[in-house]
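Worksheet: the structure to be examined is printed underneath.
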Amino acid sequence: MDIPGIKAVATAVRTFAMDAVQRAGSGHPGQPMGCAELAATLYGEVLHHDPQDPGWLNRDRFVLSAGHGCLLQYAMLNLCGYEISVDDIRNFRRLGSKATGHPEYGVIPGIEVTTGPLGQGLANAVGMAIAERMLAARFNAEQSIIDYHTYCIAGDGDMMEGLSYEACSLAGHLGLGKLIVFYDSNGVTIEGSTGLCFTEDVPRRFQAFNWQVLEGSAYDIPRIVRLIDRARRETSKPSLIVMKSVMAKGAHTLEGSHQAHGAPLGEAEVRATKEALGVPPDSEFYVPPAAARYLSERKRSWQENRGRWQRTFERWAAENPGRHAEMQKFLQEPDLHAALLPRFETGGQAATRTAGGEVLKALMAELPNLVGGSADLSQSTSTAIKGMEAFSSRNPGGRTLYFGIREHAMAAICNGIALSGLLKAFCSTYLVFSDYMRPSIRLAAMMKLPVIYVFTHDSVLAGEDGPTHQPVEQVASLRAIPGLTVLRPGDAEETVAAWKRAICSRNGPTALILSRQAVRTYQKDDPRWEASLEHGAYVVSDSVGRPETVLVASGSEVGLALETKRSLGAENVRVVSVMCRELLLRAPDEARERIVPREARRIVIEAGAAQGWEGLAGDSGLVISVETFGKSAPTRDLCGEFGFTPQAVAARIRQESTGGMLRRD
Ligand SMILES: Cc1ncc(C[n+]2csc(CCOP(=O)(O)OP(=O)(O)O)c2C)c(N)n1
């Protein structure tokens with residue numbers, strides 16, 4: 001092992017971090033300076049990776065959960081020869097630079113996941129380790145073609161976030177032996193010492209989670225290698241390696257200070273630090289010759305390593321054509337021929353959660369790469385699939401995940417699973433608990449990951465459990481996340497269409513919003529209704545002649561709109577089902593006009609917050625919504641209480657038919 005070479009790489013990392021933050025006038029130099037030796041050792045000696053093929057299937061995954069330290073990763077990727085130039089780093093945090101403020105997936109090859117919100121990366125790493133176990137069980141034969149490790153650097157902030165408790169508890173339970181987490185334990189956060197608010201015994205906490213816990217200095221390179229070796233030899237438990245480290249290690253006067261966490265060190269400090277490191281003080285982004293020499297020598301071994309795997313893979317593919325074909329299938333869009341999916345008769349009654357459960361059952365049977373589960377509510381969300389085995393340490397081939405009551409980790413773990421590129425992940429809970437998952441859903445949308453969320457009990461009309469369990473603002477707030485497709489089907493047939501759309505998505509997550517209560521499967525006037533859903537909505541029941549009133553609804557309120565039309569007894573009323581409001585709002589004017597013409601009076605019926613419907617209703621329209629918390633009562637009583645009966649809605653429409661400004665409840 002070339003220790004001077006590794007140390008020289010660490011010097012380059014420190015220099016890059018100081019210079020980039022100094023130029024940008026903002027950023028976090030302390031974390032990369034504190035972890036420089038660890039990163040240099042990892043990339044140089046430990047990780048199975050190859051900058052020539054950053055997407056190599058069996059590469060080790062590296063997650064910088066402490067994403068504010070992104071310069072650590074940018075510097076290492078540049079030094080190793082990934083596609084990020086010194087100029088990109090020079091323009092750190094500037095518009096158009098690949099070196100953004102935190103690591104972002106899809107911007108620089110070699111970055112596995114978008115991180116920054118603390119705790120997320122660590123939970124994503126758990127998902128990646130689960131995916132490794134699942135894929136290994138599915139594909140490995142005489143040859144192990146999937147056997148990567150997932151490494152993660154997490155700091156005090158990650159350890160404090162509740163998400164890390166959820167995710168690491170599950171990782172310990174599942175015995176994810178190929179997950180290795182380095183705890184960058186420097187005792188400092190932004191406001192000062194961790195002693196101000198964080199005095200728990202982290203090693204004992206992880207031991208209680210069923211992790212192997214090891215400890216060492218972040219600056220003792222041979223020991224780091226030995227500790228990683230021990231971690232790799234423990235195959236039945238994940239490992240936490242507590243790295244005793246120092247914030248901004250090497251800084252002239254700010255070493256160990258929280259002031260070096262998130263601000264430029266200042267020119268004089270940078271200069272003095274460079275001098276102490278043996279770096280020419282007038283240079284910028286200096287790479288010591290020993291660092292360049294060391295990494296260029298390592299390159300050959302990275303390539304040879306990948307070459308060996310490639311030859312193994314080819315032998316595996318030749319000897320296991322069935323498995324190879326299955327792997328190819330995992331990468332393709334699913335072929336959802338009609339016979340595969342359940343059919344529902346017009347006039348029948350089914351809760352959309354129940355219809356969704358039948359679709360999921362059919363999809364699980366057809367698509368072996370579909371995996372997922374629930375946060376202890378699979379019976380209620382109809383996502384429990386009979387006969388489907390659970391994933392566990394003893395049964396890595398299982399496809400059902402028992403996430404436990406850990407919604408946040410469930411969503412973040414699904415991101416990690418989806419990042420495998422081969423597996424499709426779904427998860428489920430009550431809609432109201434989507435709030436517990438929101439940060440991870442947002443990141444899935446940012447990364448364009450096709451995760452599917454099954455959210456049931458879709459409105460206050462769910463009943464009985466009371467206001468804590470009745471969503472009001474949740475659909476509106478999910479619709480506000482850019483890139484998240486929110487589908488709220490109105491009946492069982494629409495639920496099949498919604499699932500089809502979700503399962504075929506390749507560029508973003510989908511939330512399926514399903515009802516607890518039974519709804520009628522309605523007759524659809526638009527014979528091409530499913531194709532019309534390309535614009536998010538279609539005409540369920542048309543008016544005779546030009547519509548004067550359009551009743552616009554989604555989910556379980558579509559049935560109510562149809563009954564309201566009957567109650568109104570008017571011929572010039574049209575009913576539109578809006579399965580995806582955002583698609584309708586984005587549709588070309590001409591397509592939207594065909595469905596919800598501007599000249600008609602538009603009445604939106606939504607048993608939730610009106611927010612976001614106002615534009616569609618227009619000034620002369622009306623949004624019949626719920627703007628308070630729910631109440632505990634059976635559904636029928638709640639419909640009466642909140643005015644969601646055909647008679648009450650019809651009365652509102654008649655009473656407020658004079659036009660004027662938009663009103664809402
Ligand atoms: C969820 C979340 N909350 C707050 C922040 C803002 N933030 C970024 S770094 C940081 C302190 C992290 O401390 P630590 O993990 O010890 O990192 P170090 O000080 O060692 O760099 C905070 C609060 C964040 N990125 N994510």
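Atoms within each ligand, like the ligands themselves, are counted from 1 in listed order.
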Check each atom of ligand 1 against the heavy atoms of Ile190 and keep those under 4.0 Å away; list them by number with element. 7 (N), 10 (C), 11 (C), 22 (C), 23 (C)

Nearest-contact summary for atom 14 (P) of ligand 1 - protein heavy atom, Å: Gly157 N, 3.6 Å

Partners passing side chain to side chain contact (heavy atoms under 4.5 Å, CB included) against Ala375 (at least two apart in sequence or in another chain): Glu407, Met410

Flag: protein heavy atom within less than 4.0 Å of atom 6 (C) of ligand 1: no

The protein heavy atom nearest to atom 21 (O) of ligand 1 is His68 NE2, 2.7 Å

Less than 4.0 Å between a side-chain N and a carboxylate O, is that true for Glu37 and Lys249? no

Which atoms of ligand 1 are found less than 4.0 Å from any heavy atom of Val188? 14 (P), 16 (O), 18 (P), 19 (O), 20 (O)

Which part of Glu161 is near ligand 1, with near meaning a heavy atom under 4.0 Å away: side chain, backbone, both or neither? side chain

Using a strict cut-off of less than 4.0 Å between a Lys/Arg side-chain nitrogen and an Asp/Glu carboxylate oxygen, indicate whether Arg23 and Glu284 qualify as a salt bridge. yes

Would Asp158 count as a polar contact of ligand 1, with the cut-off being nitrogen or oxygen pairs under 3.5 Å? no

For Asp19, salt bridge (Lys or Arg N to Asp or Glu O under 4.0 Å) partners two or more places apart: Lys274

Which of the atoms in ligand 1, numbered in the order shown and given with their element, are less than 4.0 Å from a heavy-atom of Pro117? 26 (N)

State the atoms of ligand 1, each with its element, that fall below the 4.0 Å cut-off from a heavy-atom position in Thr189. 13 (O), 16 (O), 19 (O)

Any N or O of Gly155 that comes nearer than 3.5 Å to an N or O of ligand 1? no

When you measure from the side chain of Ser245 to the backbone of Gly34, do you find a donor-acceptor pair of N or O atoms at a distance under 3.5 Å? no

Begin with the C-alpha distance, continue with both residues' side-chain angles, and end with the deciding distance and a verdict on side chain to side chain contact (heavy atoms under 4.5 Å, CB included) for Phe16 and Val287. CA-CA 9 Å; Phe16 276 44; Val287 181; 3.8 Å; yes

Arg233/Asp229 salt bridge by N-O under 4.0 Å criterion: yes

Got an N/O contact under 3.5 Å between Asp156 and ligand 1? yes

Going by an N to O cut-off under 4.0 Å, is there a salt bridge joining Glu473 and Arg479? no

Ion pair check, Asp282 and Arg271, cut-off under 4.0 Å: yes

For Asn186, take its heavy atoms, then give the atoms of ligand 1 lying under 4.0 Å from any of them. 18 (P), 20 (O)

Under 3.5 Å, N or O to N or O, is His261 touching ligand 1 that way? yes

protein heavy-atom neighbour closest to atom 25 (N) of ligand 1 works out as Gly116 O, 2.8 Å

Full working for side-chain hydrogen bond (donor to acceptor under 3.5 Å, both in side chains) between Glu275 and Thr273: CA-CA 5 Å; Glu275 275 170 1; Thr273 305; over 6 Å; no

Would you mind telling me if ligand 1 is within reach of the side chain of Leu118, the backbone, both or neither, using heavy atoms under 4.0 Å? both

Consider every N or O of Gln31 and every N or O of ligand 1, then say whether any pair is closer than 3.5 Å. no

Could you tell me whether Met247 and ligand 1 have an N or O pair separated by under 3.5 Å? no

